[in-house]
Amino acid sequence: MRRVLIALLGEALLFGALIFLIGSGDKGFAAGQGALGVFVSVLMVGFPSLYYCCQRGLWDAWRFVLLGALGGLLCALPLYGGPYLFGFLLLLFVTAGAAFGGLFWLTAIWRNLDLTCPKNICLPCGTVYKVARKAFSRQSK
C-alpha cells in the first residue's frame, strides 16, 4: 500500500502545482495558499475514495480516470468567478484530473502485488483474481 499512498500524494502535488502555475502571475502568495488548499482537499477526498475502492475491489482503470476527472471538477470550482474564463478552466481541470487519475492507476494499481484488500478483480477477459497479500492467486469460478 506504500506505493498507492505515494502515488496519491503525487497526484495531490500535481493538482496543487497546476493551481499554483495558473495563479502565480501577480499573486504568488494567494496562488500558494490556493495550491495548499487544493493539495489538502485532494487528500481529504482521495483517502476516502481509495478506501471505498479498496473495500469493494474497484480497481478498474476507468474508475480512477472518472474519479480523477471528478477531482479536477472539484478543484476548478473555487476558481469560479475569477479573472479566467471558467469554461476553459473547467475543461483544463477535468482533462488534467482524468490524466492524473489514469497516471495514478498506472503508477499505483497496475501490476501492484502489494495490495492488501481481500476482494476479487475481474479482468475484461473474464478471468477472476483475488487480491491477496503480495500475490495474485487464480480463483476458480
Side-chain angles (χ1 to χ4, degrees), residues 1-139 141:
M1 278 308 259
R2 183 175 12 154
R3 180 174 149 185
V4 175
L5 296 177
I6 290 171
L8 183 61
L9 287 172
E11 184 174 353
L13 282 173
L14 284 174
F15 270 119
L18 187 59
I19 288 282
F20 185 76
L21 288 176
I22 286 176
S24 65
D26 55 343
K27 306 174 215 168
F29 182 70
Q33 286 180 328
L36 181 63
V38 165
F39 175 77
V40 171
S41 298
V42 168
L43 291 180
M44 286 175 52
V45 171
F47 282 123
S49 299
L50 190 59
Y51 179 75
Y52 178 81
C53 289
C54 183
Q55 291 301 313
R56 293 182 174 52
L58 306 174
W59 299 119
D60 301 321
W62 68 269
R63 294 180 198 272
F64 286 93
V65 170
L66 188 64
L67 283 171
L70 181 64
L73 174 73
L74 293 175
C75 286
L77 289 179
L79 301 174
Y80 181 73
Y84 302 103
L85 294 173
F86 183 65
F88 170 72
L89 285 179
L90 188 64
L91 178 67
L92 176 72
F93 276 92
V94 168
T95 304
F100 294 163
L103 184 65
F104 174 80
W105 184 83
L106 282 173
T107 58
I109 307 300
W110 188 56
R111 294 188 179 179
N112 187 355
L113 302 179
D114 292 330
L115 294 174
T116 58
C117 303
K119 297 291 178 186
N120 295 331
I121 294 177
C122 184
L123 299 178
C125 61
T127 307
V128 177
Y129 291 91
K130 181 177 173 121
V131 179
R133 291 183 191 267
K134 302 201 186 248
F136 282 115
S137 59
R138 193 171 195 162
Q139 252 186 358
K141 290 185 180 183

[X] [atom1] to [Y] [atom2] distance, which is reported to the nearest 0.5 Å:
X	Y	atom1	atom2	value
Phe64	Trp59	CZ	CH2	5.0 Å
Tyr51	Arg56	OH	CZ	8.5 Å
Phe20	Leu36	CZ	CG	11.5 Å
Leu66	Leu70	CG	CG	7.0 Å
Leu18	Leu13	CG	CG	12.5 Å
Phe104	Trp110	CZ	CH2	15.5 Å

Does any part of the side chain of [Y], heavy atoms only, come nearer than 4.5 Å to the side chain of [X], both counted from C-beta?
X	Y	value
Leu43	Leu9	yes
Cys53	Leu67	yes
Leu14	Leu103	yes
Phe47	Leu5	yes

Check your understanding: Under 3.5 Å, is there a donor-acceptor pair between the side chain of Thr95 and the main chain of Leu92?
Key ->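 The answer is no, because no donor-acceptor pair under 3.5 Å joins these two groups.
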So which heavy atom on [X] is nearest to which on [Y], and how close?
X	Y	result
Trp105	Asp60	NE1-C, 3.9 Å
Arg111	Arg3	O-NH1, 3.6 Å
Thr107	Ala7	OG1-CB, 3.6 Å

Check your understanding: Relative to the ring of Phe15, is the ring of Phe100 parallel (under 30°), tilted (30 to 60°) or perpendicular (over 60°)?
Key ->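 Perpendicular, since the angle between the ring planes exceeds 60°.
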